[in-house]
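Single-structure report; data block below.
Just so we're clear, the structure is a prediction, and the values are computed from it rather than from any experiment. Just the heavy atoms: all of them, side chains too, but no hydrogens, waters or symmetry mates, feed the values below. Throughout, protein chains are lettered first and strands after them, A, B, ... in sequence-line order, and every chain is numbered starting at 1.
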Amino acid sequence: MIELSHVSKHFGSHHVLRDITETIERGEVVVICGPSGSGKSTLIRTINRLEEIDSGQIRVDGRDIHGPGVQIDRFRSGIGFVFQQFNLFPHLTVLENCTLAPVHLQGLEQGNARQKAITVLERMGVADKAGAYPAHLSGGQQQRVAIARALVMEPPVMLFDEPTSALDPEMIGEVLLAIKSLAHQGMTLVCVTHEMGFAREVADRILFMADGSILERASAEDFFAHPEHPRTRKFLSDIRSPFGRY
Amino acid sequence: MSESLATYGLYFLIGQYPNGPLGGLALTILLGASALVLAMPVGILLALARISDWRVVRWPVTGMIYIVRGTPLLMVVFWAYFFLPAVTGKKTGQFTTMLIALAIFNGAYLAEVVRAGIQGVPRGQTEAARSLGLNYGQTLRRIVVPQALRNMLPSLVNQFVTTLKETSLGYIIGLQEVAFIASQVNSQVIVHPVAIYTALALTFFVLCFGLARLAGWLGVRT
């Protein structure tokens, strides 16, 4: 489904992605984790070309996404992207946020688009907020609306860039459950996150990144039980709370 | 005073019209409105060029904006008055000359207002729109500009009011707008300069205040 081969990228003199090669299968749920500054977010952003790459190749559904025949806007509408900061459109209601793409990209009539949007908002448990503006929603509700906005285009792939990092702790659970519900429907999901409990339970595979390289790839089970790379072991011990469980 | 009003009131409002060219307050309003209508799209186009990724577009426009901003409007008016006929080989009317000068001058200022407004919209908004599959134009129109416009409104109104007042510089090239007419009336009446120029000041105040209120009202509605 998503094939990266020898992907490299610099930000100025900083080598943020170093020769990354990885394949994500259709229907797979992949979690990318690693210390901050390791290139996880940049990597996930290259998959829908929010970030351009210096060299290498990225293929989605077998097509080179930098190829000459690629219509970038149409390509992007087939990939859902969820941001850390939600990025809902503040001047539009929840419903309008979700009908924007179907109306202007698929040419759906307002009525049909609205129906479609309500359906996904219901799935995300925020249909009762359809008429509200984003500013009146909690962070967790905003993020679920942002997921609904992406889902409305029925993309076969969803990318999540630290979807819970900007949330207060009590709202993390509701968003993770919403993402988990998608995993069960056979969607291809790639999620950058620090939520290791979520990774363990939902991910098929975990990729560990540091300094722009993927240092470890393992099933969720093996990743936590037998981390191989020393950097992985250090990371797993670092993210454990020094105060233990309560 | 009252006989001056009776004699010159209509002259003040519409100039020599219908026996001569339209002038006075009517001409001022016509010039101000045309200048705003023309300067706004000029401003938007220049702003888009100013934030363009293409240097070929960005650099000349940036240069032009710096030049205009570093020049008094009076110079631009003279420049339009003497330079345009030299280039086109035809004499340009005073109204058109003034309109062109105002559109260019205020277009450059509006461009900076619009640019600041657009760049003030968080990057994440553009990224979210593009990641949904909206193209550059749709993203600008549906997402960026509506949010930018709200932020820009106070500065826009400021510039609109300035434009309206700047029509009075048409005086210098003999355009019969309301300030010119007021000075004509004054030189005929001679004994009431304070009253006449106070009336002129009040007229401009009412125009500008009305425009600001109208813009504020429109802003609340959008």
Side-chain angles (χ1 to χ4, degrees), chain A residues 41 44-52 70-92 96-107 113 117 133-135 142-143 145-155 157-162 166, chain B residues 40-41 43-44 47-48 51-58 110 113-157 160 214-222:
Chain A
S41 285
I44 202 170
R45 287 162 59 90
T46 61
I47 299 174
N48 75 344
R49 283 182 62 182
L50 276 181
E51 222 57 87
E52 295 294 350
V70 173
Q71 288 178 288
I72 181 68
D73 299 313
R74 177 172 296 185
F75 161 72
R76 281 190 178 129
S77 71
I79 294 189
F81 199 98
V82 176
F83 298 85
Q84 181 177 346
Q85 300 293 341
F86 330 135
N87 294 344
L88 292 181
F89 306 129
H91 60 302
L92 302 177
E96 288 165 343
N97 264 275
C98 296
T99 53
L100 189 74
V103 168
H104 295 293
L105 299 178
Q106 294 178 320
Y133 284 91
Q142 289 195 44
Q143 193 60 301
V145 171
I147 297 171
R149 178 176 69 180
L151 277 180
V152 111
M153 295 297 280
E154 299 169 28
V157 185
M158 288 277 284
L159 308 175
F160 295 85
D161 185 7
E162 302 203 29
Chain B
M40 197 59 213
I44 291 174
L48 292 180
I51 57 175
S52 167
D53 285 339
W54 299 330
R55 278 180 214 166
V56 219
V57 184
R58 192 172 68 234
L110 286 173
V113 173
V114 173
R115 178 180 69 92
I118 287 177
Q119 290 182 334
V121 176
R123 229 178 106 82
Q125 291 290 310
T126 308
E127 288 187 348
R130 298 305 302 269
S131 77
L132 281 175
L134 268 62
N135 63 32
Y136 182 73
Q138 289 169 320
T139 301
L140 268 183
R141 174 148 175 253
R142 308 263 166 211
I143 304 303
V144 178
V145 171
Q147 293 183 58
L149 216 53
R150 204 165 298 188
N151 299 339
M152 300 185 306
L153 197 68
S155 313
L156 280 184
V157 173
F160 288 172
L214 178 72
W217 179 72
L218 285 173
V220 170
R221 279 168 42 98
T222 49

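Both the backbone and the side chain of R149(A) come within contact range of chain B, judged by heavy atoms closer than 4.5 Å. Residue F83(A) touches chain B through its side chain alone, counting heavy-atom pairs closer than 4.5 Å.
Closest heavy-atom contact between L50(A) and S131(B): CD1-CB, 4.5 Å. When all heavy atoms are compared, the tightest approach of G80(A) to A150(A) is CA-CB, 3.9 Å.
Counting only residues at least two apart or in different chains, salt bridge (Lys or Arg N to Asp or Glu O under 4.0 Å) contacts with residues 74-84 of chain A are absent.
For the pair R130(B) (side chain) and L134(B) (backbone), a donor-acceptor distance under 3.5 Å is present. Side-chain atoms of D161(A) never come within 3.5 Å of backbone atoms of S41(A) as a donor-acceptor pair (strictly under, hydrogens ignored).
Between chain B and the residues L88(A), L159(A), V82(A), V152(A), the most heavy-atom pairs under 4.5 angstrom are made by L88(A).
Proximity to chain A at a heavy-atom threshold of 4.5 Å picks out R123(B), G124(B), Q125(B), E127(B), A128(B) from residues 121-128 of chain B, in numerical order.
Qualifying ring-ring contact (aromatic ring centres under 6.0 Å, His included) partners for F86(A), counting only residues two or more places apart in sequence or in other chains: none. For S52(B), the side-chain contact (heavy atoms from CB on, under 4.5 Å) partners are W54(B), V57(B), not counting sequence neighbours.
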